[in-house]
Amino acid sequence: MTRLYNFCAGPAALPVPVLAQAQADLLNWQNKGLSVMEMSHRSPEFVGIAKKAEQDLRDLMVIPDNYSVLFMQGGASSQFTMIPMNLLRGKKTADYINTGQWSKKAIAEAKRFCTVNVAASTEGNHFTSAPSQEELNLNPEAAYVHYTPNETIGGVQFDYIPETNGVPLVADYSSAILSEEIDVSRFAMIYAGAQKNIGPAGLCIVIIRDDLLGDVVEGTPTMFDYKVMADNDSMYNTPPSYGWYLAGLVFAWLKEQGGVKAIAEVNQRKAKKLYSFIDTNPFYANPVAINNRSSMNVPFTLVNSDLDKAFLAASEKAGLLNLAGHRSVGGMRASIYNAVEEKAVDALIAFMDEFAKENG
Ligand code: PMP
């Protein structure tokens, strides 16, 4: 059985060398006679794995020393709740920028804890753009500003980091972390579910500035308190240890590729060729404003949507997996994360071209 090209939005493709390493390690990690899955998280072996993974992530993202890196559970969705619990810090309102389905979910959770000021929303244009800095109606009294730099479903990416004039900026980087270089010091907190550019589902990375730890909303469960997690090196309880180990393999792999700068160049090339193909072939369309087109998630429609089912069936037959758009929007979507090689994008374009010729 050969491996096929996988364009899933998440859980997404992992680098083959990482899977091969995990396979080689599975029964007997480094000749210790057991699998990483079976190790105590307090053992020196696992603590070593955990520390190396964190250090590699710090190196890759150039995370300043005054930030903690937490390896959490509960997916990015749990962060929607933990963020107000941890970051309101006595304030009563928070700013949210609404650019799609994931922003909306974050807003809904925050509303359980505070007044949400929607500083800008692109719902009016069906989430096909991101607002400009000038369009942000920010409240200087807000506890924090939350936004989604890359909306996975709509394929909408910010082309700038919002300036918030000292109000802590929080970013849901689930679908774009490690895809391009970012200046971490511009953010109070970055979080990302692992199952796209980091590793398997079940792990969520939180990067948070240390002065924001502590002072949680009354009644916050212990497990949801970032300070407890930071004070215990994310091992207050049993962490998702196997996912953490796999994330470590992905970080090491990314370093071998030349780091974030090098992979960002490949990502730009991949995205550019796919969007140019879509733009020049009248059979296909992408509705997103050019400057806000995601380099990770490329949604597209067939101009004749009657052919959607046939397209999906034929693409699967051609070895191109998971091209259906999110169930809430339909159409197609190709997620082209770090581990999706350029040749997969080339194969997709060749298939789309052929399908258009046969059905146009
Ligand atoms: N935010 C974004 C931007 C996402 O893409 C996703 C998942 N696709 C989530 C949040 C939710 O992540 P999880 O399923 O890990 O809770």
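Numbering of ligands and ligand atoms starts at 1, following listing order. For this chain, numbers begin at 1 and follow the sequence in order. Computed from heavy atoms alone, side chains included, the values below leave out hydrogens, waters and symmetry copies.
- Listed by number with element, the atoms of ligand 1 under 4.0 Å from a non-hydrogen atom of S174 are 1 (N), 2 (C), 3 (C), 4 (C), 10 (C).
- The nearest non-hydrogen atom to atom 1 (N) of ligand 1, considering only T152, D172, I153, L203, comes from D172.
- Annotation: atom 12 (O) of ligand 1 to nearest protein heavy atom, A76 CB, 3.5 Å.
- Judged by distance alone, the side chains of Q79 and Y226 do bring a donor and an acceptor atom under 3.5 Å apart.
- Taking any N or O of N150, backbone or side chain, none lies under 3.5 Å from an N or O belonging to ligand 1.
- The atoms of ligand 1 that sit less than 4.0 Å from any heavy atom of F80 are 10 (C).
- Remark: ligand 1 atoms within the under-4.0 Å shell around heavy atoms of K196 are 5 (O), 7 (C), 8 (N).
- Y96 and H146 have their aromatic ring centers within a separation under 6.0 angstrom.
- Using a 3.5 Å distance cut-off with no hydrogens or angles, the side chains of D225 and Y236 do not pair a donor with an acceptor.
- Defined by atom type and a distance below 3.5 Å, a donor-acceptor pair is present between the side-chain atoms of N150 and N297.
- Not a single heavy atom of E151 lies less than 4.0 angstrom from ligand 1.
- No N or O atom of S78 sits closer than 3.5 Å to an N or O atom of ligand 1.
- Of the polar atoms of S77, at least one N or O is found under 3.5 Å from an N or O of ligand 1, judged by distance alone.
- Relative to atom 14 (O) of ligand 1, the option among K105, M296, Q195 with the closest non-hydrogen atom is Q195.
- Residues H326 and S328 bring a donor and an acceptor atom of their side chains to less than 3.5 Å of each other.
- In this structure, M352 CE and I349 CD1 are separated by 7.5 Å, a value rounded to the nearest 0.5 Å.
- Each of the following atoms of ligand 1 lies closer than 4.0 Å to a heavy atom of G75: 15 (O), 16 (O).
- In this model, no donor atom of one side chain and acceptor atom of the other lie less than 3.5 Å apart for T93 and E141.
- Centroid-to-centroid, the aromatic rings of F311 and F351 come within less than 6.0 Å.
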